[in-house]
Peer 1: 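My questions all concern the structure below.
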Amino acid sequence: MATSERRKGDRVTFERGYAAHMMGIDGTWRRECTMEDISETGAKLTVEGSVEGLHLKEFFLLLSSTGLAYRRCELSWVNGDQIGVNFLKTGGKLKKARRPQDADA
């Protein structure tokens, strides 16, 4: 391998790719993509169509058709129609849903 491996976690490669979607944080754009591989910290995607003009600083990678499985991402690298993304942490712990009775406290 000519390039040094920068990945922190183990990588899972999909033989035929995994169909997914990229979507802007504000929902103004959406692109089909194929996830080629994934690790704990990021993924390699093949993007349908051009990524030119898309706000890729931060976006969502939608992993299910309902949008319930997703990761918040930032662009790491671009090579033709393939991009590398880093998954952004959501601040460690998930926020607990506030219960109505807690609002009075």
Side-chain angles (χ1 to χ4, degrees):
M1 192 175 262
T3 59
S4 63
E5 190 66 38
R6 294 179 300 212
R7 236 175 238 96
K8 293 178 187 146
D10 292 334
R11 175 176 29 165
V12 175
T13 301
F14 300 103
E15 191 174 322
R16 291 188 182 90
Y18 182 87
H21 284 89
M22 300 162 52
M23 186 176 78
I25 294 289
D26 59 1
T28 58
W29 62 268
R30 187 175 172 128
R31 283 285 186 288
E32 288 186 13
C33 64
T34 303
M35 187 166 32
E36 305 296 340
D37 69 40
I38 189 169
S39 70
E40 190 178 328
T41 58
K44 178 168 72 173
L45 310 174
T46 300
V47 182
E48 301 289 326
S50 174
V51 295
E52 214 170 300
L54 298 181
H55 184 69
L56 294 175
K57 173 75 179 133
E58 250 184 73
F59 62 95
F60 290 115
L61 176 61
L62 308 176
L63 303 171
S64 70
S65 58
T66 59
L68 292 177
Y70 65 90
R71 296 296 303 258
R72 196 171 185 134
C73 303
E74 67 178 357
L75 182 66
S76 176
W77 54 265
V78 178
N79 185 3
D81 65 347
Q82 291 193 325
I83 65 172
V85 300
N86 294 320
F87 297 140
L88 298 172
K89 299 281 186 233
T90 56
K93 295 181 181 174
L94 293 174
K95 292 181 185 173
K96 281 189 174 180
R98 288 187 61 176
R99 298 177 305 199
Q101 62 266 35
D102 292 343
D104 298 332

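The first residue in the sequence is number 1, and the count goes up from there.
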Peer 1: Restricting to non-hydrogen atoms, name the atom on Ile83 and the atom on Leu75 that form the minimum distance, rounded to 0.1 Å.
Peer 2: CB-CD1, 3.8 Å
Peer 1: To the nearest 0.5 angstrom, please state how far the CE atom of Met23 sits from the CG atom of Leu61.
Peer 2: 11.0 Å
Peer 1: Grouping I, L, V, M, F, W and Y whenever their side-chain heavy atoms are under 4.5 Å apart, do Val51 and Leu45 come out in a common cluster?
Peer 2: yes
Peer 1: Could you tell me which non-hydrogen atom of Cys33 sits nearest to which non-hydrogen atom of Val47, and how far apart they are?
Peer 2: CB-CA, 4.2 Å
Peer 1: Could you measure the distance from the CG atom of Asp37 to the NZ atom of Lys44? Nearest 0.5 Å is fine.
Peer 2: 5.0 Å
Peer 1: How long is the gap from OG1 on Thr13 to CD1 on Ile38, to the nearest 0.5 Å?
Peer 2: 11.0 Å
Peer 1: Give the minimum heavy-atom separation between Ala69 and Ser64, together with the two atoms involved.
Peer 2: N-OG, 3.2 Å
Peer 1: So, applying side chain to side chain contact (heavy atoms under 4.5 Å, CB included) with Asn86, which one of Cys73, Ser76, Ser39 is it?
Peer 2: Ser76
Peer 1: Is the shortest heavy-atom distance from the side chain of Trp29 to the side chain of Met22 under 4.5 Å?
Peer 2: yes
Peer 1: Indicate the atoms forming the closest heavy-atom contact of Trp77 with Gln82, along with that distance.
Peer 2: CZ3-O, 3.7 Å
Peer 1: Measure the CD-CZ distance between Glu74 and Phe59 for me, rounded to the nearest 0.5 Å.
Peer 2: 9.0 Å
Peer 1: Quick one: closest heavy-atom pair of Met35 and Phe14, and the distance?
Peer 2: O-CD1, 3.5 Å
Peer 1: Parallel, tilted or perpendicular for Tyr70 and Phe60, by the 30°/60° rule?
Peer 2: perpendicular
Peer 1: Could you check if a side-chain atom of Arg30 sits within less than 4.5 angstrom of a side-chain atom of Leu62, using non-hydrogen atoms only?
Peer 2: yes
Peer 1: Check step by step if side-chain contact (heavy atoms from CB on, under 4.5 Å) holds for Lys57 and Ile25.
Peer 2: CA-CA 10 Å; Lys57 173 75 179 133; Ile25 294 289; over 6 Å; no
Peer 1: Any sub-3.5 Å donor-acceptor pair from Arg31's side-chain atoms to Ser50's backbone N or O?
Peer 2: yes
Peer 1: Distance from His55 atom NE2 to Asp26 atom CG, nearest 0.5 Å?
Peer 2: 8.0 Å
Peer 1: Shortest non-hydrogen contact from Gly17 to Thr34?
Peer 2: CA-CG2, 3.5 Å
Peer 1: At what distance, to the nearest 0.5 angstrom, does NZ of Lys89 lie from CZ of Arg71?
Peer 2: 6.5 Å
